[in-house]
Amino acid sequence: MSSASVRTAEAVPGPAGEAVRCDPVTLEIVRGAIRAAQAEMEALIERTAISAFIREKKDFYTALFDADGVMAVGSNVPVFADMTSPVFAVFPKETMKPGDLYWYNDCYGSRGAVSHSNDQVLIAPVFHEGRRCAFVMGWAHFADIGGIRPGSISPDATDIYQEGIIIPPTRLVDAGVTNEATLAIFHRNSRFPDQSRGDLRALVGSVELGVKRIGEIVARFGADVIDDALSQLLERTRKLVRTKLAETFPYGTHSFTDAIDGDGHGSGPVKIRFSLTREKAADGDDRFILDATATDDQTVGPVNFLMNPGVPGMALGLYYLGGDPGQVCNAGGPQALDEVRLREGSLLWPRFPASLGMRGLTMMRVLATLNGLVNAANGGAPASHSAYVISIMRGTYRTETGTLDRFLLADGLGVGYGARPKADGIDAVYFVAQENYPVEFLEVGYPVRLRAYGVVEDSGGAGRQRGGCGVVREYEILAEEAVMAIRIDCVKNPPWGIAGGMSGGPGRAVINPGMPDERVLAPLSDGNRLKRGDILRIETGGGGGYGHPHDRTPDAVLQDVLGGFVSPEAAERLYGVATDGFAVDEARTATLRANRYPAKAFHRNEYVDALV
């Protein structure tokens, strides 16, 4: 870039004794520059990582923190909160040096900052002219870190020690010198050490790049300007979220209950109960208190979600930001809540060493419960979504030379998301910015052949706005043998519809469907054996609908039928729309819609006034 194209920041001097301020124009330039640095970090991880869950699934994130470790610019992922405090508790900020790099995956030691052990967190300080100015984070899901089964995550796990090696906050790089012995111990615990080494190199490289780019931004604008810019971004988000909370929640207590089906070890349903109270404090300001203490007890199986207290505020913040590219998802969301109450020994604050590996199932229900809480106050949040499906296949296959080799295929499948007041739910989404594996990638890289891949007809909840549809994938097994884990939720408790909308359809997994040896798998199970020639069919759930189905326009229903999202039978039975080839049968439709069925506030298998 030529020097003529570089804008020098105009620091706005405050009154005597006050810090230098960042002007509004420079603030937006800084925000864009930081986001560009994040995008470059993310591209480096994606292009250099080895394992599929990082490279293809894109299960990684980056973030920037201010000089005190407060997240100022995060990714649009509502499960992050206080990521730096676990490191500071062991390595005080004042002792850190340029070239340091810190590492952990300790869920309990970090109070849920990381919520299952496969997720590795790297954090590095950024210095300019001897002054600590910021911190950079890289985070990614590693394929195998030891544990009871290949892939480290298993429905069979009953404590966290069965889910792989635990790394407490550790100084991996000390002023540029890497602790190779620590790395050797970590990689030795992986069944696929080459993947582990490659992924960690990619993550380290990404953080090093982030330190360099943020350092360049600080050098360009000045440390004082950057410090004030990050402070303004935090305060902007905090104010916006508090304003939206006040618009959504009248004074008093608002409550909502949702449930996961179970833990795979005999318990269930397990209820998640949230209440949000808005009250006046003694100084006249509003107080917002999120209370989850009524949530059911922790489980034996690995569906416990060690929810950092910052997560609800981060999720609400992301909802209220509404995808506005001019806003920033950061710690201003958690700061908007005055208090978050959790109960030790509950599903959302389990006691050590409860297993956590499948916590994503509960995490997705937590997000749906927050949507329900907003809707309880007439806030207009989406209907419920399904929980993304995980399958983990491990086994052996014959190489081109005829020798047996082992493989690990961890696949996450998209689901349907809940309909919104003015839009249909999104079809076939995994989670936020992550992706479904391409067919070509699966067939080239693993001993499977895809026989079918598409949306599941009628899986989206019927409504004025239709819930998103789930995914169907049918695999032919080319491996000699394999053992598979499956994680499907929302079977007994499907995603709720709202305001007359109906619940989304459930998911299922079947081996050899329609054949004499057909087996329907337990939705949360491991040890499911597969052999060469078997057919595995996985169907994922859909999202809930919004509004009465008879209020959906006949033309929209017709397009759903023609697109394979809704069957002609469901169009008549649920939407009251009769189709005739490529057109709506208007006479039959008028007759069907003359018999409008009654609806209630919520629908989960049947209409109810409230979910309890």
Side-chain angles (χ1 to χ4, degrees), residues 148-151 153-158 260-269 299-303 357-358 360-361 386-398 404 406-416 428 436-437 439 442-443 446-459 469-494 504-542 605:
I148 190 174
R149 300 263 195 181
I153 296 174
S154 169
D156 287 346
T158 56
I260 62 171
D261 289 344
D263 71 340
H265 290 255
S267 67
T299 64
V300 173
V303 298
M358 294 283 181
L361 176 156
S386 194
Y388 57 86
V389 170
I390 296 291
S391 68
I392 306 176
M393 199 182 301
R394 323 91 159 179
T396 58
Y397 70 101
R398 291 205 176 275
L404 281 177
R406 60 183 179 171
F407 74 97
L408 170 65
L409 170 56
D411 195 1
L413 296 179
V415 294
N436 298 314
Y437 288 155
V439 171
L442 279 172
E443 293 188 340
Y446 297 96
V448 296
R449 180 181 294 120
L450 269 292
R451 292 162 45 104
Y453 180 31
V455 298
V456 180
E457 193 176 58
D458 293 334
S459 58
C469 286
V471 168
V472 57
R473 263 192 167 157
E474 197 168 275
Y475 310 76
E476 179 182 351
I477 306 304
L478 305 180
E480 296 303 308
E481 53 79 31
V483 175
M484 191 187 74
I486 188 74
R487 191 199 81 189
I488 301 175
D489 191 43
C490 309
V491 176
K492 296 179 180 178
N493 297 277
R508 68 176 193 143
V510 186
I511 297 174
N512 297 326
M515 302 180 190
D517 57 346
E518 175 180 299
R519 284 182 287 151
V520 178
L521 304 184
L524 186 58
S525 62
D526 207 337
N528 300 296
R529 296 199 168 273
L530 298 162
K531 63 182 185 303
R532 186 179 183 87
D534 279 345
I535 304 300
L536 169 66
R537 183 180 178 87
I538 299 177
E539 299 174 1
T540 72
N605 298 317

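A485 and R394 get closest at one heavy-atom pair: N-NH1, 3.7 Å. Taking each heavy atom of F407 and A482 in turn, the nearest pair found is CZ-CB, 4.1 Å. Counting all heavy atoms, side chain and backbone alike, A387 lies closest to V415 at O-CG1, 3.5 Å. A pairwise comparison of heavy atoms in Y446 and L408 identifies CE2-O, 3.3 Å as the closest pair. N436 approaches A428 most closely through the heavy-atom pair ND2-O, 3.3 Å. Here the closest non-hydrogen pair linking A479 and Y397 is CA-CB, 4.1 Å.
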Walk me through it: do D156 and R149 pass the test side chain to side chain contact (heavy atoms under 4.5 Å, CB included)? CA-CA 9 Å; D156 287 346; R149 300 263 195 181; 2.9 Å; yes

Candidate pair E539 and S459, rule side-chain hydrogen bond (donor to acceptor under 3.5 Å, both in side chains), full reasoning: CA-CA 9 Å; E539 299 174 1; S459 58; over 6 Å; no

I153 and I392: CA distance, side-chain angles, deciding distance, side chain to side chain contact (heavy atoms under 4.5 Å, CB included) verdict: CA-CA 8 Å; I153 296 174; I392 306 176; 4.1 Å; yes

Could you walk me through whether Y388 and L413 satisfy the side chain to side chain contact (heavy atoms under 4.5 Å, CB included) test, starting with their C-alpha distance in whole Å, then the side-chain angles of each, then the deciding distance to 0.1 Å, before giving a yes or no? CA-CA 6 Å; Y388 57 86; L413 296 179; over 6 Å; no

Set out, in order, the CA-CA distance, both residues' side-chain angles and the distance that settles side-chain hydrogen bond (donor to acceptor under 3.5 Å, both in side chains) for D526 and S154, then state yes or no. CA-CA 7 Å; D526 207 337; S154 169; 2.5 Å; yes

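For R529, the CZ atom sits in a loose shell: 12 or fewer heavy atoms of surrounding residues, nucleotides or ligands are nearer than 6.0 Å. Around the CZ atom of R519, the shell of radius 6.0 Å holds more than 12 heavy atoms that belong to other residues, nucleotides or ligands.
In this structure, CZ on R398 lies 13.5 Å from CG on L478, to the nearest 0.5 angstrom. To the nearest 0.5 Å, atoms CE (M358) and CD1 (I390) are separated by 7.5 Å. For the atom pair CD1 of I260 and NZ of K492, the computed distance is 12.0 Å after rounding to the nearest 0.5 Å. Note that the CG atom of L521 and the CG atom of N528 stand 4.5 Å from one another [nearest 0.5 Å].
Of the residues listed (L361, I486, L524), the one engaging P155 in a side-chain contact (heavy atoms from CB on, under 4.5 Å) is L524, and it is the only one.
For the pair R537 and E474, the salt-bridge criterion is met [side-chain N within less than 4.0 Å of a carboxylate O].
Side-chain contact check for T299 versus S267: some heavy-atom pair is nearer than 4.5 Å. Using a 4.5 Å cut-off on side-chain heavy atoms (C-beta onward), I538 and L536 make contact. Under the 4.5 Å side-chain criterion, counting only non-hydrogen atoms from C-beta, Y475 is in contact with L450. No side-chain heavy atom of M484 sits less than 4.5 Å from a side-chain heavy atom of I511. Within the 4.5 Å cutoff, side-chain heavy atoms of Y437 are placed close to those of D411. For the pair L409/L442, a side-chain contact is recorded, criterion being any heavy-atom separation below 4.5 Å from C-beta on. Looking at heavy atoms from C-beta onward, E480 lies in side-chain contact with L404 at the 4.5 angstrom threshold.
Residues forming a salt bridge (Lys or Arg N to Asp or Glu O under 4.0 Å) with R487 (at least two apart in sequence, or on another chain): none. Among residues two or more places apart in sequence or in another chain, the salt bridge (Lys or Arg N to Asp or Glu O under 4.0 Å) test is passed with D458 by none. For K531, the salt bridge (Lys or Arg N to Asp or Glu O under 4.0 Å) test picks out D534, with sequence neighbours left out. The side-chain contact (heavy atoms from CB on, under 4.5 Å) search around N605 returns P494, not counting sequence neighbours. For V491, the side-chain contact (heavy atoms from CB on, under 4.5 Å) partners are D261, I488, P506, P523, not counting sequence neighbours. For R532, the side chain to side chain donor-acceptor pair (under 3.5 Å) test picks out no residue, with sequence neighbours left out.
Under a 3.5 Å cut-off, the side chain of E518 and the backbone N or O of G514 do form a donor-acceptor pair. No donor-acceptor pair closer than 3.5 Å links the side chain of T540 to the backbone N or O of V389. Distance alone, capped at 3.5 Å, is enough to place a donor-acceptor pair between the D263 side chain and the G301 backbone.
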